[in-house]
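First the proteins, then the strands, lettered A, B, ... as listed; each starts at 1. Remember, it's a predicted structure, so these values are computed and weren't measured experimentally.
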2 protein chains.
Amino acid sequence: MNWAATALHRLERAGYRSGAARREVVDLLAAEPCAVTALEIDRRLDSVGRASVYRTLDQLDRLHLVQRVEIGGDAAGYERIDPDQHHHHLICEECGRLTPFVSEVLEKAIERISREADFEVTAHDVVLRGACSTCAGDA
Amino acid sequence: MNWAATALHRLERAGYRSGAARREVVDLLAAEPCAVTALEIDRRLDSVGRASVYRTLDQLDRLHLVQRVEIGGDAAGYERIDPDQHHHHLICEECGRLTPFVSEVLEKAIERISREADFEVTAHDVVLRGACSTCAGDA
DNA sequence: ATCTGTGCAAATAGTTTGCATCCTC
DNA sequence: GAGGATGCAAACTATTTGCACAGAT
């Protein structure tokens, strides 16, 4: 079962009724492998009101179907949580570009911290900042 | 040399003139080991205008003397960058409490990623979310 | 004396809320 | 038919900017 179907199913089980706006937002997120901004979603979906975008993102976040990614500046990014696509981000401080990456060692380290800390870790977010290959060349 | 002195020195060398507001903000950050919000700083420093708080934080961030920490919700936190105090954060999604932690394994993993990625990593930020021992007890 | 730093208030930008209406169940 | 879902516009909140004046060099 793909992410979109799972998400709609879980929303339904959580007691939410089905609506056009939410379906459109879910579809957009399903097609986007990395983080998108709420305003970006609003801009791309003419038939959906801004409030519905935020409301849907909030619901998805609460059900852990989507993860909030703190992109450096003003707006927050959101991306679907999909075990097969788990990744973290490199953010270029020059051009703002967001690049996903995967690291087995990092995941192991985080698992170990979760186990050792007196804290029940349910989600984690790693952001590395610096200069991407393109921008680093300028220096 | 302590952080406050280093910071003021580096600001001077970066061409900034000395001013009362900035000195107060630097002093407050120097005394605070973990993240503080801009509005929190503004609230605690009556004689300093809000704009000066943001301007100072921006300058310190640019010089990598301070690091922006993305606390979950609305406001961003700032904390001094001090090699001796390097740490990451656990955020409780129930009560919002911020707890610092240190992990050698994690740092090694990040160093390795930096080395292997085609990306010049200058800073990193790890946030683990979940429930702190107090809140997990309620469940 | 010059030019930067600062406080204040107004302007922005992202996000949230109130409410009338539409649509799902 | 009842109650949740949605769009619009207004409200909020964090952050930024314009500007006149104080202070540093």
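In this structure, B:His86 contributes its side chain and B:Asp84 its backbone to no donor-acceptor pair below 3.5 Å. A donor-acceptor pair under 3.5 Å links the side-chain atoms of B:Arg80 to the main chain of B:Glu32, judged by distance alone. Under a 3.5 Å cut-off, the side chain of A:Ser52 and the backbone N or O of A:Val48 do not form any donor-acceptor pair.
Put simply, CG on B:Asp61 is 12 Å from P on D:dT15, counting in whole angstrom units. To the nearest angstrom, C1' of C:dG5 lies 9 Å from CD of B:Gln59. For the pair A:Asp46 CG and D:dC8 C1', the computed distance is 15 Å after rounding to whole Å. Rounded to an integer number of Å, the gap from B:Arg62 CZ to D:dT16 P is 10 Å. Distance, B:Ile41 CD1 to D:dA14 C1': 14 Å, rounded to whole Å. For the pair A:Leu39 CG and D:dA14 C1', the computed distance is 15 Å after rounding to whole Å.
Using a 4.0 Å heavy-atom cutoff across all strands shown, A:Thr37 reaches no nucleic acid atom at all. Residue B:Arg22 is classed as a sugar-phosphate contact, given heavy-atom separations below 4.0 Å to backbone atoms only. Within 4.0 Å (heavy atoms only), A:Ala21 reaches sugar-phosphate atoms of the nucleic acid but no base atom. Nucleic acid contact for A:Arg55: base, since at least one base atom lies under 4.0 Å from a heavy atom of the residue.
Taking 3.5 Å as the limit, the base of D:dG3 and the side chain of A:Arg17 contain a donor-acceptor pair of atoms between them.
Using a 4.5 Å heavy-atom cutoff, the side chains of A:Ile110 and B:Leu128 are in contact.
Checked against the 6.0 Å centroid threshold, B:His124 and A:His88 do not count as a close aromatic pair.
Along DNA chain D, the nucleotide closest to A:Ala20 and the one closest to B:Gly19 are compared, and the more 5′ of them pairs with A:Ala20.
An OP1 or OP2 oxygen of C:dT15 is reached within less than 4.0 angstrom by a side-chain nitrogen or oxygen of A:Tyr54. The shortest distance between the side-chain N/O atoms of B:Ser18 and the OP1/OP2 oxygens of D:dA24 is not below 4.0 Å.
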